[in-house]
K.L.:
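Got a structure for you, questions after.
Letters A, B, ... are given to chains in the order of the sequence lines, protein chains preceding strands, and every chain is numbered from 1.
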Amino acid sequence: MLKDYFALAVQSMRHRHIRSWLTMLGIVVGVAAIVSLIALGQGLENSINEEFEKIGVDFITIMPGSSGGVPGMGFGAAKLEDGDVRVIERIKEVDIVSPMMTSVEKVTYGNEERYTYVSGMVADDVVDMYFNKKAYQIVEGRVPRATDRWKAIAGYKVSKDFFGKALKPGAKVEIKERDFKIVGIMEEIGNSQDDTQFLIALEDAKIIYDREDYDVIMVVPKKGQDAEEVAEKIKKELEDYRDEEDFQVFTSKQMLESFNSVLGIVQVILVGVAAISLIVGGIGIMNSMYTSVLERTKEIGILKAIGATNNHILSIFLVEAGMMGAGGGIVGVLIGMGIGKIVEIAAVEALGTTYLKVCFGPELIAFSIGFAFVVGCLSGLLPARNAANMDPVMALRYE
Amino acid sequence: MKKRRVLMELRDVWRTYTLRKGTEVNALRGLSLKIYQGEMVAIIGPSGSGKSSAMYIIGALDKPTKGKAFLKGQDITRFHQNHLAMMRRREIGFVFQSYNLIPEYTAVQNVWMPLLFEDVPKDEREARAKKILTDLGLGHRLDHKPPEMSGGEQQRVAIARALINNPKVILGDEPTGNVDTKTGEEIIAILKKLHKKGKTVILVTHDPRIASHCQRKIHIIDGKVSQKGGKK
Ligand SMILES: Nc1ncnc2c1ncn2[C@@H]1O[C@H](COP(=O)(O)OP(=O)(O)OP(=O)(O)O)[C@@H](O)[C@H]1O
Ligand SMILES: [Mg+2]
């Protein structure tokens, strides 16, 4: 007959609806925070992993500067130059060694100016690493060619609304006062940095940037080679050559792993904070149930007089507390989904990233509501026991 | 007087309430009485004499501090509280002066509450509650809540609730205390009818006119049966 107790709890909550809502609010806030944080974190992790899967996990990246613990966060004045490229090329386990230069530059289209990333790359390497593997595709125009000079490939957003008017292959842009002809448009990648970039030939980049050092060297090991072992080898060879470990070598798998572990830690902290608000919500339920038990002392006496056992009374109040938790949980899940969705949209609008995709698994929803129900029941346990253990005569005489 | 079966018996019952400060109040001081099967009996006495306290013990809602209480020959002071709750559900129906209905429940819900504790399914509970309420002339008040009903109507709902489990005993603690004389007469008429149908009816009252409807009166003064009221 548990169903009947649920029905009575709903009736009682509706009777005291304002207080019920206020009581549930604590749970609503906690659950909404947990749901949106987990959904966003999970979504972010999923899209990053997807991205890595697309380009493959056996890339090796070499960057100048010493490591600050996190890959890609190198500092210092060390430079990677042609000598380093040649050292790596001599290693027999490597297939492609592709130096790249990247910098934020002024790009002019028509009479509009924008500042964005312009990367110089070796055309054949780029084609091998990305386009042939179908990691990225050209949606308009063609892939870069080794013979291309003063030509550029533009990111997806560039072709759409980056400038006042759309940009098609054949269009002319000015990068650092030099004319470039657009020959291809890349598909949408999902983050604004990649989607607003321009790819040009490495030789041209050297000329317009007026420097010879590289910002990054990408290495693809030969088929069947273990990326991690090759990375170690590159590290050793470069160290011998440079006499110093003023560079970083990491595989994309390591990058993914360290990214995931950072994300995991951040998520645990955020969800921990949210869980505290859930505990506060539980205390709110406990407080409200104590008040309710006191208010309904007479009712408890009546119920005992007409034959309720202590367990019956316990069930009545426990179910009500649990419902309060579950109700807050349901509303919290809905609000949390709303917040997640808003953040997702805001991320696209404001940051231009589609990586922040919310992911609401059915487990997340079921777990959140179930957890809120349990928090409610636990919070209701002591007040409900108070109610159950009341002396019937004293309760009945209570006015 | 015919020899009749004893249904309930209190034997030298003391009930001491301990106040928060530690002072003790002896509400019952060696009360002994017998209730016979099928009789309609009044318990009368001045205010504070211990009538309600006695009533709670007779109704298995409370245990004596000292002494024994028997229901159908069984010493209920030894029973576990769950057992007492079951006896209250099945053997006894309470009717109170202040009706003691649950204000947020409808008449039907109030009446079927005791059946909920017997795990009777909802449909059956509702059907039985509606039948009893209709029999008591409340067919037009089934979905009304107590605050929307007159005192007489509320007391009839309370009687319906007392009857829902078809108990042998009806305990009324001044059931007419809160209603006017005419409504009081109606309620007494209902109780007399129940008595005629074989129920044992115990009425606490200090109104001699109400008591005069009963075959027997038990006078309580200072927590004991007063001898001047006759033999116990
Ligand atoms: N919970 C309690 N704590 C302390 N004293 C109590 C308690 N309940 C009742 N008493 C005292 O016990 C005595 C008997 O009370 P009881 O309610 O049984 O009397 P009563 O005959 O029903 O009175 P009334 O006619 O006014 O209803 C009274 O003196 C009362 O003050
Ligand atoms: Mg009384």
K.L.:
Heavy atom to heavy atom, less than 4.5 Å: which residues from residues 98-111 of chain B reach chain A?
P.N.:
B:S98, B:N100, B:L101, B:I102, B:E104, B:Y105, B:Q109
K.L.:
Anything in residues 73-87 of chain B with a heavy-atom distance to chain A below 4.5 Å? Please list those residues in order.
P.N.:
B:Q81, B:N82, B:A85
K.L.:
So which heavy atom on B:R89 is nearest to which on A:H312, and how close?
P.N.:
NH1-CE1, 3.6 Å
K.L.:
Quick check on B:H144: does its NE2 atom have over 12 non-hydrogen neighbours (other residues, nucleotides or ligands) under 6.0 Å away?
P.N.:
yes
K.L.:
Kindly check if the number of other-residue, nucleotide or ligand heavy atoms within 6.0 Å of CZ (A:F371) is above 12?
P.N.:
no
K.L.:
Under a 4.5 Å heavy-atom cut-off, does chain B meet the side chain of A:K3, its backbone, both or neither?
P.N.:
neither
K.L.:
Given a strict heavy-atom distance threshold of 4.5 Å, which part of A:S12 is in contact with chain B: side chain, backbone, both, or neither?
P.N.:
both
K.L.:
With side chain to side chain donor-acceptor pair (under 3.5 Å) as the criterion, how do B:Y17 and A:R397 come out once you've worked through the C-alpha distance, each side chain's angles and the decisive distance to 0.1 Å?
P.N.:
CA-CA 13 Å; B:Y17 296 110; A:R397 286 188 194 262; 2.9 Å; yes
K.L.:
Name the region of B:R125, side chain, backbone, both or neither, that has any atom closer than 4.5 Å to a heavy atom of chain A.
P.N.:
side chain
K.L.:
Just give me the residue among A:N311, A:L396, A:D391 that pairs up with chain B most often, heavy atom to heavy atom, under 4.5 Å.
P.N.:
A:L396
K.L.:
Near B:H140 NE2, under 6.0 Å, is it more than 12 heavy atoms from other residues, nucleotides or ligands?
P.N.:
yes
K.L.:
Does A:I18, at its CD1 atom, have more than 12 non-hydrogen atoms belonging to other residues, nucleotides or ligands within less than 6.0 Å?
P.N.:
no
K.L.:
So which atom in B:F94 and which in A:A305 form the shortest heavy-atom distance, rounded to 0.1 Å?
P.N.:
CD1-O, 3.4 Å
K.L.:
Quick check on the interface: out of A:T309, A:L303, A:I306, who has the most heavy-atom pairs with chain B under 4.5 Å?
P.N.:
A:I306
K.L.:
Would you indicate whether B:K224, at its atom NZ, is surrounded by more than 12 heavy atoms from other residues, nucleotides or ligands within a distance under 6.0 Å?
P.N.:
no
K.L.:
Check this for me: A:W21, atom CH2, are more than 12 non-hydrogen atoms of other residues, nucleotides or ligands nearer than 6.0 Å?
P.N.:
no
